[in-house]
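Have a look at the structure below before the remarks.
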Amino acid sequence: MAAIAARRGFGFALPALALLVAFFVMPVMWLLLRSVTEPGLGFQNYATLFGTATYAKVFLNTFMVAGIVTVITLLLAFPVAWALVILPPRWSMVLFAIVILSMWTNLLARTYAWMVLLQRTGLVNQILMGLGITDAPLELVNNLIGVTIGMVYIMLPFMILPIYGVIRQIDASVLQAASLCGATRWQALWRVLLPLCVPGIASGVLMVFVMALGYYVTPSLLGGTSHMMLAELIAQLVQSLVNWGLGGAAAFVLLVATLALYALQIRLVGLPKGAQ
Amino acid sequence: MTTPFLHINGIRKTFGDVVATDHVELKIAEGEFMTFLGPSGSGKSTTLYILAGFQEPTAGDILLRGKTLLKTPSHKRNIGMVFQRYTLFPHLSVGENVAFPLRVRRTPADEVQRRVKRALELARLQGFEDRMPANMSGGQQQRVALARALVYDPPVLLMDEPLSALDKKLREEIQHEIRRIHQETGVTILYVTHDQEEALRLSDRIAVFNKGRIEQVGTGPQLYNSPASHFVADFVGDSAFLTAEFTRASGGTADLRFADGTEVRGVPLHGADPKGRAELMLRPERIRLVPQPGAGPSLPVTIADITFLGNVTSILARTSWGEEVGIRLPFGHPMASGLAPGAQTQIEWDAASAHAFAARAH
């Protein structure tokens, strides 16, 4: 019965599916096609991509930045998600508003704001020097630090919300039971709370890592030339060098990496909630 | 007097203006099965949570073998607890759930294995070690919780309505198991319930809670046969209350007059201020139906309803001024034969089986 009902409801998904096919699947296929046909038929674009040290470094760098951003985001997001659950409703609403509002603010505006804050004469450097922590202004933009700060900030809600979702479902008496069983707070965290949060942490980590892999705006505005990421490389290949073949190959590699990660997550922790 | 094993000494807990418990005073002997019985919001669970260390009392103390427990955080109290909701760790197997208290205490592996085995045997869960909690029934989960709470030999086991989520048949089965485990281990149990039948079945002694205070402490028969207050009489067992007036009260007995002028003498009296309006409590199985007044106290009534309940027949009688009295007779009892609703008859009881209370202000 449920299967029939599900098949009937399928009709309502057609407009969205048509849109996806026309503006996502087709262009991707077209790009894939160009990657194996330009300048000539074959896989020479892929060979160039993996065979050239500069490009290999961009791949490595992309995964490294995505990894750093994911780890820092997780460390910052967990206490926030915990606070959202345990704070009195009024305070948790305020905190929620801050998390959600930051998502609704324009991405460019937020990234430029960080440029202003982090530049040599920016607020952050002024405060650090005013407090006597440093004598000279720190280089906080146009390098890895700038990219990491900017991206962590943007990714935080995508990590906080899934973790909040799993923590909220944990019965407080399970943690009380752990305590009476003799577990210190630290043991209760490591042996009970964190294992129960694994599904939320996994979906947050995957979401952030995948988004970070393909991120363009923040790395190009806050990053430097020494830490180019894959999306920047694709933009450069297509816009400046008009090399659609190589650009298409790079884009396709990114897509495959993303899909592989998604498959891995399904393997390890199952489909995200609601997709079952 | 020697130091009591567990002494709940004048516990008071307030949440803002709300008083959750007040002057809760109780001495519990080692190995005793003590039940906190009362309606929800009567302070019984709050008292248990203070013992567990989840809440701090506003005033008073908890002494275990003469030493205060209040300064010890809950993870160092070494107290076992089974909760109302299922609180097994869902990511751990049954064996690992039971091993958890030992693992956090860094018990050597071979001892963990030995003790887990023993605890699972105690809870009759052999062969379930590798099951996950999600694949077990509610009754089985509470058995695992019991094994987990006993595996480290706590001096005191707290149980907070552990059977309230189970159906009646399963509840009785596990009550039996709890009783057996109590006898086998000799652990001191503090058990919270709102179910008087459960309390009577399990406990050595029962503390009846009402509005944050203990109304009476005693064995089941003590509470049933000589309730100290209207509340206890009403909460423990079924009873009928008839309005009357005191005509005399002294030396633990009272004489009463009903609205129809019938007088009864020498009724056991409980509580202070026996003046003015009174209430006479009658247990349904202590009342006899007789055609004519006999030697004992009696009252003319009209039969209102007769219900067959299997092994007993429940009869509802109405006094001339409209109050109702329930009477319970064994099935097929001669006193019930030939009776029909509307029949005029007499109820009769032994003076000592009734209880007089001063009427509560309404």
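So that the names make sense, note that chain A is the first sequence line, chain B the second, and so on, each numbered from 1.
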**Report entry** Under 4.5 Å from any heavy atom of chain B - which part of A:Ala188
**Finding:** neither
Query - salt bridge (Lys or Arg N to Asp or Glu O under 4.0 Å): pairs with one or both residues in residues 65-79 of chain A, sequence neighbours excluded - result: none
Query raised in the report: Which atom names give the shortest non-hydrogen contact between B:Phe100 and A:Cys181, and what distance separates them?
Result: CD2-CB, 3.8 Å
Query - Heavy atoms from other residues, nucleotides or ligands near CE of A:Met103 exceed 12 (cutoff 6.0 Å) - result: yes
Query raised in the report: Which one, B:Pro101, B:Pro73, B:Pro90, B:Gly53, leads in non-hydrogen pairs under 4.5 Å with chain A?
Result: B:Pro101
Query raised in the report: B:Ala52 and A:Leu180: which non-hydrogen atoms are nearest, and at how many Å?
Result: O-CD2, 3.5 Å
Query raised in the report: Is the count of non-hydrogen atoms from other residues, nucleotides or ligands lying under 6.0 Å from B:Phe15 atom CZ greater than 12?
Result: yes
Query raised in the report: Around atom CD of B:Gln113, are there more than 12 heavy atoms of other residues, nucleotides or ligands at under 6.0 Å?
Result: no
Between chain B and chain A, which N or O donor and acceptor atoms come closer than 3.5 Å?
unit_1	atom_1	unit_2	atom_2	d
B:Ser74	OG	A:Ser179	OG	2.6
B:His91	NE2	A:Arg191	O	2.8
B:Val104	O	A:Gln187	NE2	3.0
B:Arg105	NH1	A:Cys181	O	2.6
B:Tyr152	OH	A:Leu180	O	3.3

Report task. Quick one: closest heavy-atom pair of B:Leu88 and A:Val174, and the distance? Result -> O-CG2, 4.4 Å
